[in-house]
Amino acid sequence: MDLSQFTQAFFVEAIELLAEMEQLLLDLDVEAPDGEQLNAIFRAAHSIKGGAATFGFTALTHTTHVLETLLDRARHGQLHLSAPMIDAFLETKDALQEQLTAYQAGKEPDAERVAHICGVLQQLAMENNAAAPVPAPAPVPAPVVQAAAPADEGGSSDGVLVIRFARLSDSECELLAGELTNLGTVLTRTRSNDQLTVRLATTCDPDDIVAVCCFVIDESQIDITREGADVAPPVVAVAEPVVPPPAAPAPASAAAASAPASAKESSSIRVDVEKVDQLINLVGELVITQSMLTQAATVLDPVAYERFLSGLGHLERNARDLQESVMSIRMMPMDYVFSRFPRVIRDVSAKLGKQVRLDTYGKETELDKGLIERIVDPLTHLVRNSLDHGIEAPEVRLAKGKDATGQLLLSAQHHGGNIVIEVSDDGAGLNRERILDKARQQGLPVNDAMPDEEVWQLIFAPGFSTAEQVTDISGRGVGMDVVKRNIQEMGGHVEIHSRGGQGTSTRIVLPLTLAILNGMSVRVGSEAYILPLSYVIESLQPLPEHLHSITADGHVIRVRGEYLPLIELHRVFDVAGAQTQPTQGILVIVQADDSRFALLVDELLGQHQVVVKNLETNYRKVPGISAATIVGDGSVAFIVDVGAMPRIQRAQAASAAALAGAARRTDALAS
C-alpha cells in the first residue's frame, strides 16, 4: 500500500508533538512532577512511536520505544526524576527532531547518533533500577497479541474498546485496521460503506489510540467507547483481524453509533502553504482589477451610471473585506516564535553559569507566517546577546544589590499597521565609552558629543564587537549587522534603548504582512512612487527661510526647531522633468532607524492599500526600491526603500565628489 499520502501529515504532527514535549519538559518540576504533564509527555512519545511504526521508520520507532518505557515508569512513580534526566530527555527530543528531518529528506538517520541516544536512555534506566536495562524492540515491532480472558477466569471486558471510524476511504480503512493490530487484539471488524467498527482488546487508553490514528484521519472521524461489563467478548488468540464476509451488512446499532462521529465537525483543516499563497496572489490580482475599474469609472457621468457606480462601490468594499480575510489565514501567533526560547535560555544560561527568568507578553499577537519564519534567527541572536553581554553573573548581581536571577522579557504588540517586538533585560546595559573606543579603533566616524541613540546603532556595524574574548556564544563581531540587514529586508527597523546598570531594550518594528501595504502615492516627474505609510510622519511645503545649504547640492530644512537632511528623490532615481526647487515641491517627513529626514517630491497623489509584488523575482534588484505594485491605470509603481535613502544619497555624494576631484586633477595637468 502506498503510504506517501499520509507521511506528510505524520511529519507535521510529529514536529508539533516534539515541540509540545519540549515545553512540558521545561515546565516540569522534578521535585514534585505533575501527573498530567507526565501523562502528556508520555502520550506524545507514544503517538510518535505508533506513527513511526506504521510508516516503517525503524530508528524513530526504536528511540521512542526506549524513551516511552522510561516515561511510563516515571508517570507511575517507579522512576525518580532529576535534572540530568530532564537534560537527557531534552537531548532525546533533539535526536528525534534530527531523525524526523532525515526521514523527511528520504534518508536514514545517523546510526551512531541513534545508538548514542538510546545508550544514554538505557544507562539512565540501569542507574535508577537494578533490573535489566530497557529492552530494545525489533526493527519493525511485531503486532501485540493480547487475548481477552473469559469473565469467570478473572478477565474483564473493561479492556475491550469499541472504535468507530467514519468517512473512510478504502486505503484509510486498510491502514487503520492494520495499525490497530499493533495496539492490541482485533476481536471483530465490521465495514459498511465508509464506516468501520472495530472491537479491540487492549491496555491502551482511548486517547493513545486517537493520537495514533490522527496521523491518518481527523479526530472528528473517531468515536471510542468501552464495551459494557456484561458483554463477554470471544477469546481470540491471534493478532489477525476477523473479517466477516463482504456482503454482511453492518449491525443497526453500529451504524447508529457511528452517526455522532459523522456529525462532528473539525475545528481546523491543514492546507498547504503554497495553496494559501496562490489564493492570496489571486485575491491581490482581483484587488488590482477592481482598482482599475474604479479609476476607469471616474470619467463616467454619476447620474447616468448611478447603478453601475453603486455596484462598483459594493465590489470595492467586498474586495477589501475578502483581501483582509484571506490575509488573516496566513497570520500566526507570536507564541510560535516565543515557545522556542525557554530551551535556548535554559541551555545558554546553564553554560554561562547564570540564572535567568523568561517572561513573555503578547504571545497571541499575530504576524504574517512569512515574517514569523524570518524573525526567528534575528530574535535568537538578540536573546543570546542579552544572556552573554547583558545579564550579569549571580554574584555580580548580588554585589550590585540586584536579584541573583536576571529577567529577560520577550513581548509583542500591535502598533498601528505594525507589530513591535521587544527583547529587554535588566542587566548591565551598554557601555557607551567602550563602544566609542571600539568604533575609533575600527575607523568609524564618531565623536564624544554623539547622542546615545546614535552610539547604540554603532553595534550594528559589520565586524563590531566589544566582547573581551570570543566564545561559542558570541564575540566574533558577526551577527548584529546581519540582524539589522534582515529586519530591513522585511521592511522593518531596529531601535535600541539602554541605561547603564539597568538593562537594554531592543525594539523591532515590522509591518504585519509583506503581501499588502498601506502606502502614500507620490509623483516625481512623470513617475509614481509608493512610500510605506508606516515611515511617513507628515508632509509640508517649505518656506525659503526654512531651507539652509550645507554643500553646493546639499540642504537641510528646519522643522519646529529640528534640522533635517533633505533628500531629493529625482536625484536618487535620476528622474527627468521633476521639480528641483524645494519651495515649489512637497516635502514628506519620514523616520527610519531612529533618524528623520525629508524627501522632496512633486505631488501627493493619495493614500491607499497596494498589493506588493517582488521586483527582484520578476525583474532584478534595484537600489532604493524594495518592491513594486500595479496601480489603478495598470502601470507599475515602485515602492521606495525609505531606510536606504540616506545611504544612497551619501554614496552618490561621494561618487560625485570623486568625479569632481578627478576632473580638477585633469584640468590641472592640462594647464
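All figures in this text were calculated on a predicted structure; none of them were measured in a lab. Note that these values count all heavy atoms, side chains included, but never hydrogens, waters or copies made by symmetry.
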*Asks:* Does this structure show an ion pair linking Lys369 with Glu373, if we count only N-O contacts that are shorter than 4.0 Å?
*Replies:*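 Between Glu373 and Lys369 there is a salt bridge, with a charged N closer than 4.0 Å to a carboxylate O.
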*Asks:* Is a donor on one side and an acceptor on the other found under 3.5 Å between the side chain of Glu422 and the backbone of Ala412?
*Replies:*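 No, because the side chain of Glu422 does not come within donor-acceptor range (under 3.5 Å) of the backbone of Ala412.
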*Asks:* Is there side-chain contact between Ile280 and Met327, with heavy atoms separated by less than 4.5 Å?
*Replies:*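 They are in contact (side-chain heavy atoms under 4.5 Å apart), so the answer is yes.
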*Asks:* Please round to the nearest 0.5 Å and tell me the distance separating atom OH of Tyr529 and atom CG of Asp602.
*Replies:*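 CG of Asp602 is found 10.5 Å from OH of Tyr529.
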*Asks:* State which residues pass side-chain contact (heavy atoms from CB on, under 4.5 Å) with Ser291; sequence neighbours excluded, sorted by chain then number.
*Replies:*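 So Ser291 forms no side-chain contact (heavy atoms from CB on, under 4.5 Å) with any residue.
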*Asks:* For residues Leu604 and Ser539, report the shortest heavy-atom separation together with the two atoms involved.
*Replies:*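 Between these two residues, the closest heavy atoms are CD1-OG, 3.4 Å.
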*Asks:* Does Ile372 form a side chain to side chain contact (heavy atoms under 4.5 Å, CB included) with Met334? I'd like the steps, not just the answer.
*Replies:* CA-CA 7 Å; Ile372 271 195; Met334 282 299 297; 4.3 Å; yes
*Asks:* What is the distance from atom OH of Tyr535 to atom CZ of Arg596, rounded to the nearest 0.5 Å?
*Replies:*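 Nearest 0.5 Å value for the OH-CZ distance: 15.0 Å.
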*Asks:* Just grab all the ring-ring contact (aromatic ring centres under 6.0 Å, His included) pairs involving residues 637-659, residues at least two apart or on different chains.
*Replies:*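 Non-adjacent pairs meeting ring-ring contact (aromatic ring centres under 6.0 Å, His included): zero.
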*Asks:* Spell out, as yes or no, whether a donor-acceptor pair under 3.5 Å connects the side chain of Gln97 to the backbone of Ala19.
*Replies:*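 No; zero donor-acceptor contacts below 3.5 Å.
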*Asks:* If I compare all heavy atoms of Ile530 with all of Gly519, which pair ends up nearest, and what's the gap?
*Replies:*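 Reported closest heavy-atom pair: CG2-CA, 3.9 Å.
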*Asks:* Are Asn518 and Gln607 close enough that some pair of their side-chain heavy atoms sits under 4.5 Å apart?
*Replies:*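 The answer is no; the side chains never approach within 4.5 Å.
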*Asks:* Would you compute the distance between atom CG of Leu309 and atom CD of Glu316 and round it to the nearest 0.5 angstrom?
*Replies:*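 Answer for the CG-CD pair, Leu309 versus Glu316, is 11.5 Å.
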*Asks:* Step by step, work out the side chain to side chain contact (heavy atoms under 4.5 Å, CB included) result for Ile508 and Leu382.
*Replies:* CA-CA 11 Å; Ile508 300 172; Leu382 292 175; 3.7 Å; yes
*Asks:* Considering only heavy atoms from C-beta outward, does the side chain of Arg340 approach that of Thr380 to under 4.5 Å?
*Replies:*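 Answer no - side chains too far apart.
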*Asks:* Near Glu274 CD, under 6.0 Å, is it more than 12 heavy atoms from other residues, nucleotides or ligands?
*Replies:*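 Counting other residues, nucleotides and ligands, CD of Glu274 stays at 12 neighbours or fewer.
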*Asks:* Under 3.5 Å, is there a donor-acceptor pair between the side chain of Asp426 and the main chain of Gln407?
*Replies:*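 Checked: pair present.
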*Asks:* Between His381 and Met480, is any pair of side-chain heavy atoms under 4.5 Å apart?
*Replies:*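 Answer yes - side chains close enough.
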*Asks:* Closest approach of Pro342 and Gln23, non-hydrogen atoms and distance?
*Replies:*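 Pro342 and Gln23 have their closest heavy atoms at CG-OE1, 4.0 Å.
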*Asks:* Identify whether the distance between the nearest side-chain nitrogen and carboxylate oxygen of Glu285 and Lys613 falls below 4.0 Å.
*Replies:*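 Result for this pair is yes, salt bridge flagged.
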*Asks:* Return the set of residues passing side-chain hydrogen bond (donor to acceptor under 3.5 Å, both in side chains) with Gln290 (not counting sequence neighbours), or none when no residue passes.
*Replies:*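 Gln290: side-chain hydrogen bond (donor to acceptor under 3.5 Å, both in side chains) contacts with Thr294.
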*Asks:* Checking Ser498 side chain against Leu430 main chain: does a donor-acceptor pair fall under 3.5 Å?
*Replies:*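 Side chain of Ser498 to backbone of Leu430, a donor-acceptor pair under 3.5 Å: yes, one is there.
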*Asks:* What's the shortest heavy-atom distance between Glu366 and His414, and which atoms?
*Replies:*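 Answer, listing the atom of Glu366 first, then His414: O-NE2, 3.0 Å.
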*Asks:* Kindly compute the distance separating CD (Glu545) from CD1 (Ile557), expressed to the nearest 0.5 Å.
*Replies:*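 It is 10.5 Å, given to the nearest 0.5 Å.
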*Asks:* Atom CD in Glu568, atom CD in Gln581: separation rounded to 0.5 Å?
*Replies:*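 So the gap between those two atoms works out to 9.0 Å.
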*Asks:* Evaluate side chain to side chain contact (heavy atoms under 4.5 Å, CB included) for Ile648 paired with Phe573, printing each intermediate quantity in order.
*Replies:* CA-CA 10 Å; Ile648 292 176; Phe573 297 121; 5.7 Å; no
*Asks:* Hey, mind stepping through Arg343 and Leu26 against side chain to side chain contact (heavy atoms under 4.5 Å, CB included) and telling me if it holds?
*Replies:* CA-CA 7 Å; Arg343 176 72 184 282; Leu26 291 171; 3.9 Å; yes
*Asks:* Heavy-atom count check: over 12 atoms from other residues, nucleotides or ligands less than 6.0 Å from Arg440 CZ?
*Replies:*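 Enclosed.
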*Asks:* Between Val640 and Pro532, what is the shortest heavy-atom contact and its length?
*Replies:*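 Residues Val640 and Pro532, closest heavy atoms: O-CD, 3.6 Å.
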*Asks:* For residues Thr583 and Gln541, report the shortest heavy-atom separation together with the two atoms involved.
*Replies:*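 Heavy atoms of Thr583 and Gln541 come nearest at O-NE2, 3.3 Å.
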*Asks:* Does any part of the side chain of Glu324, heavy atoms only, come nearer than 4.5 Å to the side chain of Ser328, both counted from C-beta?
*Replies:*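 Not touching, per the 4.5 Å side-chain cut-off.
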*Asks:* Between the main-chain N or O of Gly525 and the side-chain N or O of Arg523, is there a donor-acceptor pair closer than 3.5 Å?
*Replies:*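 Yes; at least one donor-acceptor contact below 3.5 Å.
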*Asks:* Is there a side-chain contact between Arg485 and Asp481 (heavy atoms, below 4.5 Å)?
*Replies:*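 They are in contact (side-chain heavy atoms under 4.5 Å apart), so the answer is yes.
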*Asks:* For residues Leu510 and Ile487, determine if any side-chain heavy atom of one lies less than 4.5 Å from a side-chain heavy atom of the other.
*Replies:*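 SC-SC contact between Leu510 and Ile487 confirmed.
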*Asks:* Contact between Ile421 and Arg507 at the side-chain level, heavy atoms closer than 4.5 Å - yes or no?
*Replies:*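 A side-chain contact under 4.5 Å is absent here.
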*Asks:* State plainly whether the residues Asp321 and Arg317 are in salt-bridge range, i.e. N to O under 4.0 Å.
*Replies:*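 Not counted as a salt bridge, because no side-chain N and carboxylate O are separated by less than 4.0 Å.
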*Asks:* For the side-chain contact (heavy atoms from CB on, under 4.5 Å) test, which of Asn385, Val423, Ile496 pairs with Thr504?
*Replies:*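 Single pass found, and it is Ile496.
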*Asks:* Looking at CG of Asn486 and CG of Asp377, how far apart are the two atoms once the value is rounded to the nearest 0.5 Å?
*Replies:*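 One finds 7.5 Å between CG of Asn486 and CG of Asp377.
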*Asks:* Can you confirm whether Asn447 is buried at CG, in the sense that more than 12 heavy atoms of other residues, nucleotides or ligands lie under 6.0 Å from that atom?
*Replies:*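 Buried by this count: over 12 neighbours within 6.0 Å.
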